[in-house]
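Scroll down for the structure; my scribbles are underneath it.
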Amino acid sequence: MTSARDIRPRQDDLAAQAQYLATSPSASFHSPSSHGSALTRTIPVLNAKHLKPFATQDIKVLLLENVNVAGREILQQQGYQVEFLKSSLPEDQLIEKIRDVHVIGIRSKTKLTERVLKEAKNLIVIGCFCIGTNQVDLQYAAEQGIAVFNSPFSNSRSVAELVIGEIIALARQLGDRSNEMHNGTWNKVSNKCWEIRGKTLGIIGYGHIGAQLSVLAEAMGMSVIFYDVLNLMSLGTARQVETLDQLMAEADFITCHVPELAETKGMIGKPQFEKMKTGSYLINASRGTVVDIPALIDAMRSGRVAGAALDVYPNEPAGNGDYFNNELNEWGNDLRSLKNLILTPHIGGSTEEAQSAIGVEVAQALTRYVNEGTTLGAVNLPEVTLRSLTMDEPNHARVIYIHKNIPGVLRKVNEVIGDHNVDKQMTDSRGDVAYLMADISNVSAAVIKDLYERLESLNSRIMTRILY
Ligand SMILES: NC(=O)c1ccc[n+]([C@@H]2O[C@H](COP(=O)([O-])OP(=O)(O)OC[C@H]3O[C@@H](n4cnc5c(N)ncnc54)[C@H](O)[C@@H]3O)[C@@H](O)[C@H]2O)c1
Ligand SMILES: O=C(O)CC[C@@H](O)C(=O)O
């Protein structure tokens, strides 16, 4: 039995359910991941009972944007109905599809706005198979009781390696020399081509990617400075600077690794370019809104910026093809006309290693959430977990009550569950939303139905699920 959102309860009695669970195909769920994924955050319980709130084949999953096969397989092995599409969908088609599904998996392109999520009447969980979660209205999702998971660092190394490659490529004008050779021109020059040894790298945003990059850059003889809103421990001999202006003025190479936020929108614009040293370089592999591209074009034309690498853009196509044109971004042709400018199609995290690690990590988080209600790693709900029920506890039920964080709720919930034997319980809140999990023993199907209906009738209710 689960939420009022219309996933219907199985009619089996509990004994039959236990029998079904014992032979469930979900054994892979507890197998260890080779990439140290989120799974390692939970302690596996021997003889754990796999809670299945409903026939797994009734769970509908929509995967967009070519989610990696490793993730797809984990969801398919659960018995869920998995629909897979290579690209994202236009909003009207997305709304049509999302009405029907319980789980959606996306990457950076699909925008799950309030308008889209309003139509998602059955949705219980969103998986962002990437780092960024700016494409989802996290607050609105939380208010609807929809959990959101991502993969916080599985592609960080891939991005850091790409940036290292770009620093050298820009310093040596590799893109231009290669283009010339492709066009039959031999142009053997050293003018304004540099070693990176001894140069200063300025990192904006010293999180997972920025810190990884810092270590790699120092290993190649660069000096590293960084700017971050948080006061952070510097790795190696890197040095935190106090202002963005200071970083812009000191660095030879500047690279952006901040999330898309209201405060980071247009954070590198005309005033910042004017602070840069003449002949310095800019790299952006964070989000397309962080750099003002017309201002970059001006700075490159004036010679202030000697080269740049862009991996992300304010508007990106839904899928692969001939779409990077002026219709998408009006400055496209101006950008293409510039020398020593590396343009890549948002591939910072696109390596085999990163994509399969992300696939496994996010698919496991989704499976754990659907089957056990565990929110560890959720980016918009409080992190709540209870140790797994075991096969020796066949008549237990797990109550999950997602509710508004208002005074007096726990008293009312305890009036409902307090007549039963509550083995364990955990509750936590995050902003306006709270998440309660309680394991109750010796319950019959009739009791479960009664508990469910009483919790659903409370005015604090956002979503009730009972797993057994
Ligand atoms: N190109 C790609 O394929 C690709 C791949 C992965 C991530 N990304 C993007 O890169 C971003 C950074 O990734 P991460 O894993 O390093 O994130 P992170 O959260 O680990 O680090 C971000 C850092 O930015 C800092 N920050 C936030 N706002 C800031 C501001 N206004 N000024 C200065 N610093 C600020 C934070 O304090 C934090 O230290 C992601 O949010 C994502 O959008 C792109
Ligand atoms: O794979 C993607 O679409 C996004 C990659 C990257 O920007 C991320 O946020 O992890």
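Nothing here was measured: the structure is a model prediction, and the numbers come from that model. Atoms within each ligand, like the ligands themselves, are counted from 1 in listed order.
The aromatic rings of Y369 and Y435 sit tilted relative to each other, their planes meeting at an angle between 30° and 60°. The aromatic rings of F253 and Y281 sit parallel, their planes meeting at an angle under 30°, below the 60° perpendicular limit.
Per-residue contacts place I131 under 4.0 angstrom from the following atoms of ligand 2 (heavy atoms of the residue considered): 8 (C), 9 (O), 10 (O). Residue G132 approaches ligand 2 through these ligand atoms, each under 4.0 Å from one of its heavy atoms: 8 (C), 9 (O), 10 (O). Atoms of ligand 2 lying under 4.0 Å from any heavy atom of R107, numbered from 1 in the order shown and given with element: 1 (O), 2 (C), 3 (O). Residue-ligand proximity, Y227 to ligand 1, at heavy-atom distances under 4.0 Å covers atoms 32 (N), 33 (C). Every atom of ligand 2 is numbered from 1 in the order shown, and the set under 4.0 Å from a heavy atom of H346 is 4 (C), 5 (C), 6 (C), 7 (O). Residue contact check: C130 has heavy atoms under 4.0 Å from atoms 4 (C), 8 (C), 9 (O), 10 (O) of ligand 2. The ligand atoms of ligand 2 that sit less than 4.0 angstrom from a heavy atom of N155 are 8 (C), 10 (O). Annotation for ligand 1: atoms under 4.0 Å from non-hydrogen atoms of P259 are 22 (C), 24 (O), 27 (C), 41 (O). With ligand atoms numbered from 1 in the order given, ligand 1 contributes 1 (N), 2 (C), 3 (O) to contacts under 4.0 Å with heavy atoms of H346. Close contacts between ligand 1 and M267 involve ligand atoms 32 (N) [criterion: under 4.0 Å to a heavy atom]. For ligand 1, the atoms lying closer than 4.0 Å to a non-hydrogen atom of S286 are 9 (C), 10 (O), 43 (O), 44 (C).
Using a 4.5 Å cut-off on side-chain heavy atoms (C-beta onward), R239 and S223 make no contact.
At least one heavy atom of Y206 sits less than 4.0 Å from an atom of ligand 1. For R287, the heavy-atom gap to ligand 2 drops under 4.0 angstrom. At least one heavy atom of H257 sits less than 4.0 Å from an atom of ligand 1.
Atom 26 (N) of ligand 1 is approached by the protein to below 4.0 angstrom, counting heavy atoms only. Taking a distance limit of 4.0 Å, we find that atom 32 (N) of ligand 1 is approached by some protein heavy atom.
For R115, the CZ atom sits in a loose shell: 12 or fewer heavy atoms of surrounding residues, nucleotides or ligands are nearer than 6.0 Å. Crowding of K424 atom NZ: a count of heavy atoms from other residues, nucleotides or ligands under 6.0 Å exceeding 12.
In terms of protein heavy-atom proximity, atom 3 (O) of ligand 2 is closest to S108 OG, 2.7 Å. Among all protein heavy atoms, the one lying closest to atom 6 (C) of ligand 1 is N155 OD1, 3.3 Å. Protein heavy atom at the shortest distance from atom 7 (C) of ligand 1 is I209 CD1, 3.6 Å. The protein non-hydrogen atom at the shortest distance from atom 19 (O) of ligand 1 is H208 ND1, 4.8 Å. Looking only at protein heavy atoms, the nearest one to atom 5 (C) of ligand 1 is V159 CG2, 3.3 Å.
In D311, the part holding a heavy atom less than 4.0 Å from any atom of ligand 1 is the side chain. At a heavy-atom cutoff of 4.0 Å, ligand 1 is contacted by the side chain of I131 but not by its backbone.
Side-chain N/O atoms of Y401 and S460 include a donor and acceptor closer than 3.5 Å.
Remark: among candidates A285, G288, G210, P345, the nearest residue to atom 44 (C) of ligand 1 is A285, based on non-hydrogen atoms.
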